[in-house]
Amino acid sequence: ERILENLLNLEEYYLIQNSYFNVRPNCKITKQMRIQLVTWMLEVCEEQKVTDQIFSLSVNLFDRLMYLR
């Protein structure tokens with residue numbers, strides 16, 4: 001229980017506050033490209049029969065990576 005509480009508190013710290021499209025105007029990834037990528041990721045997750053949490057986590061990780069680049 002304590003571990004879960006700590007993870008939830010840390011999650012707030014790591015949430016992306018702004019869209020990387022707004023933060024990085026020279027970003028080479030367009031909104032349409034992200035839509036296509038996320039759609040493809042969903043298809044792969046459905047094909048591999050992974051949980052919804054895996055899909056959500058993968059999208060979140062991609063967004064974090066793009067935000068930091």
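Note that the structure is predicted; figures quoted are calculated from it, not measured.
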> Heavy-atom count around I3 CD1 within 6.0 Å, excluding the residue itself: above 12?
Replying inline: no
> Applying the 4.5 Å side-chain criterion to the ILVMFWY set and letting contacts propagate, would I35 and W40 be lumped into a single cluster?
Replying inline: no
>> Contact between L37 and M41 at the side-chain level, heavy atoms closer than 4.5 Å - yes or no?
In response: yes
>> Same cluster or not: I54 versus L42, using hydrophobic residues (I, L, V, M, F, W, Y) connected whenever any side-chain heavy atoms lie under 4.5 Å apart?
In response: no
>> Run F55 and V44 through side-chain contact (heavy atoms from CB on, under 4.5 Å) and show every step you take.
In response: CA-CA 9 Å; F55 169 70; V44 169; over 6 Å; no
> When rounded to the nearest 0.5 angstrom, what is the spacing between CG in L57 and OG1 in T51?
Replying inline: 9.0 Å
> Would you say L65 and L61 make side-chain contact, with heavy atoms under 4.5 Å?
Replying inline: no
> Could you give the distance from CD (E43) to CD (Q48), rounded to the nearest 0.5 Å?
Replying inline: 12.5 Å
> If you take all heavy atoms of F62 and R34, which pair is closest and at what distance?
Replying inline: CE2-CG, 4.3 Å
